[in-house]
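Each chain gets a letter, A, B and so on, in the order the sequences are listed, and its residues count up from 1.
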Protein chains: 4
Amino acid sequence: MPDASRRNEQSRRAILDAALGLLAGTGYAKLTIEAIAARAGVGKQTIYRWWPGKGAVILDALAENATAVTLPDTGDIEADLREVVRATVAEFADPRQSATTRALTAETLADDALGDQVRDRLLRPQLVAVRDRLDKAQRAGQIRDGADLDHAVELIFGPIFHRWLLRTGPLTRRYADGLVDHVLAALR
Amino acid sequence: MPDASRRNEQSRRAILDAALGLLAGTGYAKLTIEAIAARAGVGKQTIYRWWPGKGAVILDALAENATAVTLPDTGDIEADLREVVRATVAEFADPRQSATTRALTAETLADDALGDQVRDRLLRPQLVAVRDRLDKAQRAGQIRDGADLDHAVELIFGPIFHRWLLRTGPLTRRYADGLVDHVLAALR
Amino acid sequence: MPDASRRNEQSRRAILDAALGLLAGTGYAKLTIEAIAARAGVGKQTIYRWWPGKGAVILDALAENATAVTLPDTGDIEADLREVVRATVAEFADPRQSATTRALTAETLADDALGDQVRDRLLRPQLVAVRDRLDKAQRAGQIRDGADLDHAVELIFGPIFHRWLLRTGPLTRRYADGLVDHVLAALR
Amino acid sequence: MPDASRRNEQSRRAILDAALGLLAGTGYAKLTIEAIAARAGVGKQTIYRWWPGKGAVILDALAENATAVTLPDTGDIEADLREVVRATVAEFADPRQSATTRALTAETLADDALGDQVRDRLLRPQLVAVRDRLDKAQRAGQIRDGADLDHAVELIFGPIFHRWLLRTGPLTRRYADGLVDHVLAALR
DNA sequence: TTATAAGCGAGACGGTACGTCACGTCTTGGA
DNA sequence: TCCAAGACGTGACGTACCGTCTCGCTTATAA
C-alpha cells in the first residue's frame, strides 16, 4: 500500500542501524519496536509502514550486511569442505553471532513468512554455494555418481545446526573434522 | 519454597491439560499464562508457584505424555534404521505435532535452562536409544570400527531437523530412505 | 501567507461539503481533518493552508449555510416573542440540528478564537435581531423604560441554552410558553 | 465488572489528586490519561479499570472536593438572591475556576453519560438549593403564586451560563445585580 | 479438636510494549 | 504556484500480559 518510491532512505538506514545496534549492544531482549524507533529517532509508524514486525526488520538489517558467499576451490574437495565446515562451526560457536542467529531463528518458528524469507535470502545462498562446489567435485569424479547432492548438503549442515541449536555437544574444530570425515565417507 | 507435599494434584493436571489444549486448539499465539490459568480455572499464582514460566509448563505437559522410546531390533541395522528414520520423518511431517514442537523449540531458543531440560528429558532418550542400537550393530560388525557413534546419531537426525525447521524440502518417505542410504554409506 | 486569489474554489466547496457530510452522517466522532480531506479528495495541506483547525472548517461550513435572520413583527411583542421562542426551542429540540450545534459548542470551549467567531458570526445576528424587536416594543411602550434590553435578550435565550446544553428538562412548546410568560413579566 | 471491594484506596486518591494537580498546574491540555497515570505513579489500566475516560476522572475529582451547598437565608429573598447570584457570577468570572469548568463542560457535550453525571452530581444540588429557597419565599408571599420555580431557577442561572459560555458580555457585580432585578421583576 | 498455616481461586496492581490513530509539517510530481 | 497524495516525527490512545501482591476460603497437619 505505501508508495515505496517516496520512502525516506535516511529513516530506513537509521532503523536498520538501530536494530543492529540494539541486537549487538543490549541483546535481543531490548529489541522492541519502540526501542528501535526511539534509537533511530523515528516514529513507530514508520517502522510499521514498511515492516510487518520486528523479525522482518532484523532480517533486513542482517541481509543488508550479508557478504557475498565465496567458497574456496582448490580442486581438492576434502580440503575445501574441511575449510568451509570449520568456518561454519566456528561461526556458530561464536557467542555473539550465535545469540543473534538463535533469536532470529526463534522468530522464524513463529512466523512462516519470515521463515521463508530467512531461508531464501540468508540461508539458501550458502547452501547453494556448497552444492555447486560438490557438483563440480562430482563431475571431477571425487564424489560417487549416485550421491544426491541436496541430501549431501544437508548431511553437512544438518548435524551442525542440530548440535548448535540443541546444544548436544561442543562445536570444536575436532568436531568439524570428524563431521567432514563421515560426510566424505558417505559421498565417495 | 513452596511445600510440594501440599500441592493440589487436580490443579496441576488442569494446568497441564489447559496448556496442551491451547497449544493444540488455538495455537501457540494464545499460549499466555493468563489464558492457561483461565482455561484451567486456576489462579495465576498457582502457576507461578510451581513453574518459572510458560516454557516450563509446556515442557512438563509434553513430558507427561511422552511415551517410552522403543526401537526395533531385528538384527538388521539397515532395516531397523530405515524404520526409525521413516517414523521420525513422518512425525515431523505431521502438522499437528510439528506445530507444538516448533513452538517449544522456539521457546528453548530464548531460555537456556528450558533448552537444557528439553534436550535432556525429551530429546536425549531418543538419541541414546538409537546410539545404543548403532553400538550393537558396530559390535556385530555391521558398522565400521572407526565410526564415532555420537556423530552418527547426529548424522541421522541433524538433516531431518534442519529440513523440518528451516523447511528446505519435503519430509517424505523417499527422503527418509535417501537419508538412510547416505548415512549407511558413511558408517559401513 | 497563502495567496487567496489563487485559491481553488472547487476544493474549498468540497472541503466544506465533506465537513457537513461527515457531521451529519457519521457524527462528530468521525470529524477529523484526515477524514475531511479523504472525503473531499483533497490534500491535508490544502485544509491547513486555509483554516487553522477543524473548528474553523465547521464554522465556515455552517456559516455558509446560515440563513438570514428574520423576525416576525406584528406589532404585538408578546405574539412575536412567543413565535420566536417557540421556534428556537423547537430548533434546539431537533436531534439532528442539536448534535451539530453541541459539537460546535464543544469546540468553541477549547478554542477562544473560534468561540469569538461563532459568537459574532452565528449567534450575535440572532440576538441583535431580537434586541431590535424589543427595542421597538420598548419605544412603543410595551416594555417598561427601565428594562435593560441586552439583559432581556439573555433572559430569553439563557434559560433555553442552559436547559438544552445541560439537559435539565424537556424542550417543549409548553416550556417555551412558560418562559415567555416569565420574561414578559420581568419586562412589562 | 471489577470488584470494587478490593479497590486500592491509595491509588484512587493518587489518581484523583493527580488529575486535580494537572488541571490546576499545567491546564487541561496536559490532561491525558497517560499523564495522570504517570503523575499518580499508577498503571494506566488502573484508571481504565475504574473510569471510562478522563472526563469521568475529572468529574470524580471535582465531586470529591465539592463542598455542600449552603444558601443564605435572612428571610429577605432579594438580599439572599443577590448574594448567591453575585457569588455565582464571581465564580464564573474567576479564570482559574472557569477554565476547568469550561473543559469539563466541553467533555460533557461529547459524552452524554458524563453529562448526566455532571448535571446530577455537581449542578443539580446547586439548583435545588436555590429552588428550595425560592419555594420558601413563595410560601412567605414574596413571590407570586403562579410562578413556576423550576423556570425561575433557570431564569437566574440560564443567563449567567449563556454569558459565561458564549462570552457575550462581562461577568461583573453590576451585571449580577441587574440580573437579579429582572428576575425578581418576573417573580413578584 | 481446634488453631494455624499453607495452598488455592480470584483478580487488582505497577509496568512495558503493543499496534492504531490523528495530529500538523514536509516533500514529491503533475497541472 | 497550487494542488493531491501521502510519508514523516510525535504522542496519546485503549488493550494484552507480564510477574507480584493481597484477599477470603478451603483443607490438612500439629499443638
Side-chain angles (χ1 to χ4, degrees), chain A residues 1-8 10-12 14 30-38 40-50 52-54, chain B residues 1-12 14 29-38 40-50 52-54, chain C residues 2-8 10-11 14 30-38 40-50 52-54, chain D residues 1-8 10-12 14 30-38 40-50 52-54:
Chain A
M1 194 70 83
D3 178 354
S5 75
R6 313 191 42 184
R7 184 165 186 184
N8 184 332
Q10 248 173 295
S11 296
R12 200 188 124 271
K30 283 278 186 297
L31 242 192
T32 63
I33 295 281
E34 300 219 318
I36 295 174
V42 136
K44 278 198 290 177
Q45 200 62 5
T46 301
I47 299 182
Y48 284 115
R49 192 165 11 243
W50 302 109
K54 72 175 161 182
Chain B
M1 192 70 82
D3 178 356
S5 74
R6 310 192 55 171
R7 184 167 187 182
N8 184 332
E9 173 60 17
Q10 244 173 301
S11 296
R12 198 188 125 271
K30 285 276 187 295
L31 239 193
T32 64
I33 295 281
E34 301 218 319
I36 295 173
V42 138
K44 281 199 290 177
Q45 200 58 254
T46 302
I47 298 181
Y48 284 113
R49 194 167 6 246
W50 303 109
K54 72 175 160 180
Chain C
D3 179 353
S5 74
R6 312 195 51 173
R7 183 166 187 182
N8 184 330
Q10 244 173 299
S11 296
K30 285 277 186 294
L31 240 193
T32 64
I33 295 281
E34 302 218 319
I36 296 173
V42 137
K44 281 199 290 176
Q45 199 57 251
T46 303
I47 299 182
Y48 283 114
R49 191 161 16 238
W50 304 109
K54 75 175 160 181
Chain D
M1 194 69 84
D3 180 352
S5 75
R6 312 190 42 183
R7 186 167 185 181
N8 184 331
Q10 248 173 295
S11 297
R12 200 188 122 269
K30 284 278 187 297
L31 242 191
T32 63
I33 295 280
E34 300 218 319
I36 295 174
V42 137
K44 279 199 291 179
Q45 202 60 27
T46 302
I47 299 183
Y48 285 113
R49 188 159 20 235
W50 302 109
K54 74 175 160 181

Within the 4.0 Å limit for protein heavy atoms, which parts of nucleotides 22-31 of chain E are touched? Write it as a string from 5' to 3', B for base, S for sugar-phosphate only, - for none. SBBBBB----
Distance check, rounded to the nearest 0.5 Å: C:Ile36 atom CD1 versus C:Glu34 atom CD? 10.5 Å
Paired with B:Asn8, the side-chain contact (heavy atoms from CB on, under 4.5 Å) test is passed by just one of B:Arg12, B:Gln10, B:Arg6, namely B:Gln10
Using a cut-off of less than 4.0 Å, is there contact between a side-chain N or O of B:Thr46 and OP1 or OP2 of E:dG9? yes
Taking 4.0 Å as the cut-off, does a side-chain nitrogen or oxygen of D:Trp50 come that near to OP1 or OP2 on E:dG11? no
Separation of atom CD1 in A:Ile47 from atom P in E:dA17, rounded to whole Å: 13 Å
Looking at B:Arg7, I'd like to know whether one of its side-chain N or O atoms comes within less than 4.0 Å of OP1 or OP2 on E:dG7. no
Selected nucleotide, minimal atom distance to B:Val42 side chain, candidates E:dG7, E:dG9, E:dC8: E:dG9
Using the test side-chain hydrogen bond (donor to acceptor under 3.5 Å, both in side chains), find all partners of D:Lys54 that sit at least two apart in sequence or belong to another chain. none
Return the value, rounded to whole Å, for the distance between atom CZ of C:Arg49 and atom C1' of F:dC2. 6 Å
Between B:Arg12 and D:Gly43, which residue's closest nucleotide on DNA chain E lies nearer the 5′ terminus? B:Arg12
Measure across D:Lys30 and D:Ala35 and return the closest heavy-atom pair with its distance rounded to 0.1 Å. O-CB, 3.3 Å
Which pair of non-hydrogen atoms, one from D:Ile33 and one from D:Gly53, has the smallest distance, and what is that distance? CD1-C, 4.2 Å
For A:Ala14 versus A:Ala40, what's the shortest heavy-atom pair and its separation? O-CB, 3.5 Å
I want to confirm an ordering. Mapping A:Ala4 and C:Ala40 to their closest nucleotides on DNA chain F, which one lands closer to the 5' end? C:Ala40
Side-chain N or O of A:Ser11 less than 4.0 angstrom from OP1 or OP2 on F:dA7? no
